[in-house]
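Taking it in order: structure first as structure tokens, then the write-up.
To find a chain, count down the sequence lines: A is the first, B the second, and so on, and within it residues start at 1.
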Amino acid sequence: MSTDTASVELVGEEAVENVARAALLAALTGAFAYVSFPNPVSPVTISLQVLGVFLAGLLLGPVWGGLSMVLYLAAGAVGAPVFAGGSSGIGSLVGQSGGYLWSYPVAAFVVGAIAHGGLVIRDPAEQSLVRLVGAMVVGTAIIYAFGTIGLSVVLGLSLREAFLAGAVAFIPAEAFKIAAAIGIVRSDQIAAE
Amino acid sequence: MTLSYRPDDTFAHRLDPRAKLGFQAAFALAAFAHTTPRGLLALTGVTAVALRVSGASAREAMWAYRFALPLLAAGPVFAAATLGPPWVRPAEGFDTALASYRVVLVLLVSAAYLRSTPVRESRAAIQHLVPGRAGQFLGAGVGFVFRFFPVLRGDLRRIRDASAARLGGEQSVVDRIRRVGVAGLARALARADRFAVALRARCFAWNPTLPHLSLSRTDVPVIAASVALAAWAVV
Amino acid sequence: MIETRDLVHRYGDDGPRAVDGVSLAIPDGEFVLLAGANGSGKTTLVRHFNGLLAPDSGEVLVEGTPVGEDLVGARTTVAMVFQQPRDAFVAATVGADVAFGPENLGLARAEVDRRVGDALDAVGMAGRGDERIGELSGGERERVAIAGALAMAPDHLVLDEPFTGLDAPSRESVVSHLRALSESGTGVVVVTHDLRDVWDLADRVVALADGRVAVDAPPTDARDRLADLGVRAP
């Protein structure tokens, strides 16, 4: 053998798979930022970014789902155009939408922890509907709480003003994403993975 | 149009990425600490220099961040408006206008970083700054996100084109989101599985040879400026 | 030397045996064609050569050591090029991708650079390290994937269906580089259901049917028996 192999600390087989999935879910969340649908009940279009956050928690569980969103933030910070509107950079993380971005790892962790009932991963398709919906409702609350606080701090608005300016118009569309996310994790195509 | 690295030989291109990351952090601190007309005037000058030495254009940068602008413009209006007399409180509107402006400056300075720093240097900076396995996870993972992001964007585009051709716009919005989500996620997971096997075959390790980085004399003025900005922020 | 002894692999606990009692020895420097119809177990078998799969029973030895006991050793001795390598690249540019293996081995930067240079040279891609993989032709991509494997400095190079989707000139180019590698002493295992391209290079043809070795002979002797398996020899 041509190489001294004793000093190489291989990433464990299971961890390799988790790293790969975390990176792909982070990239998918970024790609979702470019997909929008017209909202039937509001003039604000529906972007799918938050769907990526939900799916990271539901599929990868709290730990790797949260880490997936950490990768998303880190990649966006150094230039991957994965944030809303294809933006990127450290400025975005301390800008008016920074609160939303920082919420993603926390929200993915909490969605994962509730959906899987702890840190151990189970098949999300077998969890009860109430649990899955509850997980994503709490996740949504976290995202909008962070987002509103962030906006209030960064622009010097009161929480009420920040909520009106940056959150209220977007919240109804989250119901569509939650419904779609349930359908996604329960579809045969995903459950087989 | 997104802000991305462009090969060039500007002053900023020759800097160590760690020095540039530190500068952005110090600049943001200063902008949040001195959100006054005078403070922001001084920081506008600093921003102009940062753009100049990196070859970034303010106009291109603002275009890349155009989705942020409506909210930044609306912020002062929300701040100034009140329910009931006096209906408008200009002082609060003014404070929020300053806060919006500082965000614009911070965004422009990060545009200078993006324009002058290739991904591999950012990755190297992460791996040098964050110790051990955490740094390797972040550095390698960021590289993988860059690697697959355009691939998955292409997947989603093809999925949408195909479903638009087949079904038109007749389904409910939840069905349409679900359809795109299932197909996009299934492809992403299949790619992740193949990718993981390839990583294992190539001995993906926690302790690889790190990319080379070294601070040089060129970095001295940037480090000095960062220290000065950070010091100004805390006094 | 790669050696399997009564190797069995099944997918799932009670799934069918994808590999069903295979014993093979592949000495250093040998050029082997691994043939068989779709689903005959070819890919499953070679993924045991460097520990990407673990045996359900039997064992796999590389240089006399069970692969599970020294995965790094197995993966630097037996390097793998995957079918349709698109999802197997780790970086966007040629040089960064080829460097990935040697970097993981913790080699000094100068040694990493030397290996990348040598590997790109060996596949006719010298000086093209800064090009984006996504902008290369299918044949060039295949050669970059081969370079990524060669940068591990392996004794054996395993290629899984390397010619799928390549046009004739690209196939010829890949074949000519494999010939040169083989002549310089690297062992080559080509997994394929289409034997035309590499028939002349092979020292030995192994064909699987239902997870078992059905043919193991020099090309001249193997020709007639392959037809019975539905594998077309040129």
Side-chain angles (χ1 to χ4, degrees), chain A residues 8-11 13 16-17 19-28 30-31 34-35 37 39-40 46 48 51 55 67 71-72 74-75 78-82 84-92 94-97 154-157 161 164-166 176-177 179-181 183-184 187 189-190 193, chain B residues 2-5 24 28 64-68 71-72 74-75 78-79 95-96 99-100 103 106-107 109-111 113-114 117 119 122 126 137-138 141-142 144-146 148-149 152-153 156 160 173-174 176-178 180-182 184-186 188-189 191-192 195-196 199-200 203-207:
Chain A
V8 179
E9 295 171 39
L10 285 187
V11 179
E13 313 284 73
V16 176
E17 274 162 33
V19 170
R21 287 181 160 217
L24 269 286
L25 259 297
L28 185 66
Y34 291 77
V35 181
F37 292 93
N39 189 334
I46 305 172
L48 293 194
L51 182 63
L55 293 175
L67 288 173
L71 286 183
Y72 169 79
V78 299
V82 292
S87 60
S88 57
I90 287 180
S92 300
V94 295
Q96 78 291 343
S97 301
V154 170
L155 290 192
L157 299 170
E161 288 164 346
L164 290 174
F176 296 122
K177 291 176 223 172
I184 292 166
S187 88
Q189 232 179 320
I190 302 302
E193 284 293 333
Chain B
T2 56
L3 286 170
S4 56
Y5 172 69
Q24 287 184 86
Y65 288 118
R66 65 194 175 281
F67 289 92
L71 190 52
L72 291 176
F78 276 92
D95 285 347
T96 295
S100 282
V103 171
V106 170
L107 290 175
V109 167
S110 64
Y113 176 88
L114 299 177
T117 316
V119 186
S122 292
I126 292 170
F137 168 75
L138 275 179
V142 162
F144 301 159
V145 175
F146 269 92
F148 279 100
F149 165 68
L152 298 189
R153 251 195 96 184
L156 291 179
R160 286 203 83 177
V173 70
V174 171
R176 292 166 69 196
I177 295 173
R178 186 183 50 81
V180 171
V182 167
L185 182 63
L189 292 175
R191 290 187 191 281
F195 185 57
L199 288 177
R200 291 165 57 209
C203 295
F204 184 38
W206 288 120
N207 56 342

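- Using a 4.5 Å heavy-atom threshold, the side chains of A:Leu10 and B:Cys203 count as touching.
- Contact annotation for B:Val182: both backbone and side-chain heavy atoms come within less than 4.5 Å of a heavy atom of chain A.
- With a 4.5 Å cut-off on non-hydrogen atoms, B:Ser100 touches chain A through its backbone and its side chain both.
- Nearest heavy-atom pair, B:Ala205 versus A:Val8, reported as atom, atom and distance to 0.1 Å: CB-CG1, 3.7 Å.
- For A:Leu55, the part lying under 4.5 angstrom from a heavy atom of chain B is the side chain only.
- At a 4.5 Å heavy-atom cutoff, the contact between B:Leu71 and chain A is made by backbone and side-chain atoms alike.
- In this structure, B:Phe149 CZ and A:Leu28 CG are separated by 10.5 Å, a value rounded to the nearest 0.5 Å.
- Contact of B:Val109 with chain A is not made at all, since no heavy-atom distance falls under 4.5 Å.
- Of all non-hydrogen atoms in B:Leu107 and A:Ser92, the two that sit nearest each other are CD2-N, 3.7 Å.
- B:Leu3 and B:Ala111 make their closest contact through CD1-CB, 3.6 Å (heavy atoms, listed as atom of the first residue, atom of the second, distance).
- With a threshold of 4.5 angstrom between heavy atoms, A:Leu48 approaches chain B through side-chain atoms but not through N, CA, C or O.
- The contact between B:Phe137 and chain A is made by backbone and side chain atoms together, counting heavy-atom distances below 4.5 Å.
- Chosen from A:Asn39, A:Val35, A:Val94, the residue pairing most often with chain B at heavy-atom distances under 4.5 Å is A:Val35.
- By number of non-hydrogen pairs under 4.5 angstrom with chain A, the leading residue of B:Gly181, B:Gly184, B:Ala192 is B:Ala192.
- Per-residue heavy-atom pair counts under 4.5 Å with chain A were compared for B:Asn207, B:Leu152, B:Val174, B:Thr117, and the maximum is reached by B:Asn207.
- At a 4.5 Å heavy-atom cutoff, the contact between A:Leu51 and chain B is made by side-chain atoms alone.
- Under a cutoff of 6.0 Å and an axis angle of 45°, B:Arg153 and A:Tyr34 form a cation-pi pair.
- Contact count versus chain A (heavy atoms, under 4.5 Å) is highest, among B:Val106, B:Val145, B:Leu72, for B:Val145.
- Both the backbone and the side chain of A:Leu67 come within less than 4.5 Å of a heavy atom in chain B.
- Looking at B:Phe67, only its side chain comes within 4.5 Å of chain A, counting heavy atoms on both sides.
- Ranked by heavy-atom pairs shorter than 4.5 Å toward chain B, the options A:Val19, A:Leu155, A:Leu25 are led by A:Leu155.
- Contacts with chain B were tallied for A:Ala23, A:Ala165, A:Ala20; A:Ala165 has the most, counting heavy-atom pairs under 4.5 Å.
- At a threshold of 4.5 Å between non-hydrogen side-chain atoms, the residues B:Thr96 and A:Glu161 do not count as touching.
- For the atom pair CG (B:Leu199) and CD (A:Glu13), the distance works out to 11.0 Å, reported to the nearest 0.5 Å.
- Annotation: side chain of B:Leu156 is in contact with side chain of B:Val180 (closest heavy-atom distance under 4.5 Å).
- In this structure, the portions of B:Ala79 lying under 4.5 Å from any heavy atom of chain A include both its backbone and its side chain.
- Residue with the most contacts toward chain B among A:Ser97, A:Ser88, A:Ala179, A:Gly166: A:Ser88 (heavy-atom pairs, distance under 4.5 Å).
- In terms of the ring-ring contact (aromatic ring centres under 6.0 Å, His included) criterion, B:Tyr113 has no residue partners (sequence neighbours excluded).
- With respect to chain A, the highest number of heavy-atom pairs below 4.5 Å among B:Phe146, B:Phe144, B:Tyr5 belongs to B:Phe146.
- With ring centers used as reference points, A:Phe37 lies 6.0 Å or more from A:Phe176.
- A search for side chain to side chain contact (heavy atoms under 4.5 Å, CB included) contacts involving A:Ala74 returns B:Leu138, B:Val142, not counting sequence neighbours.
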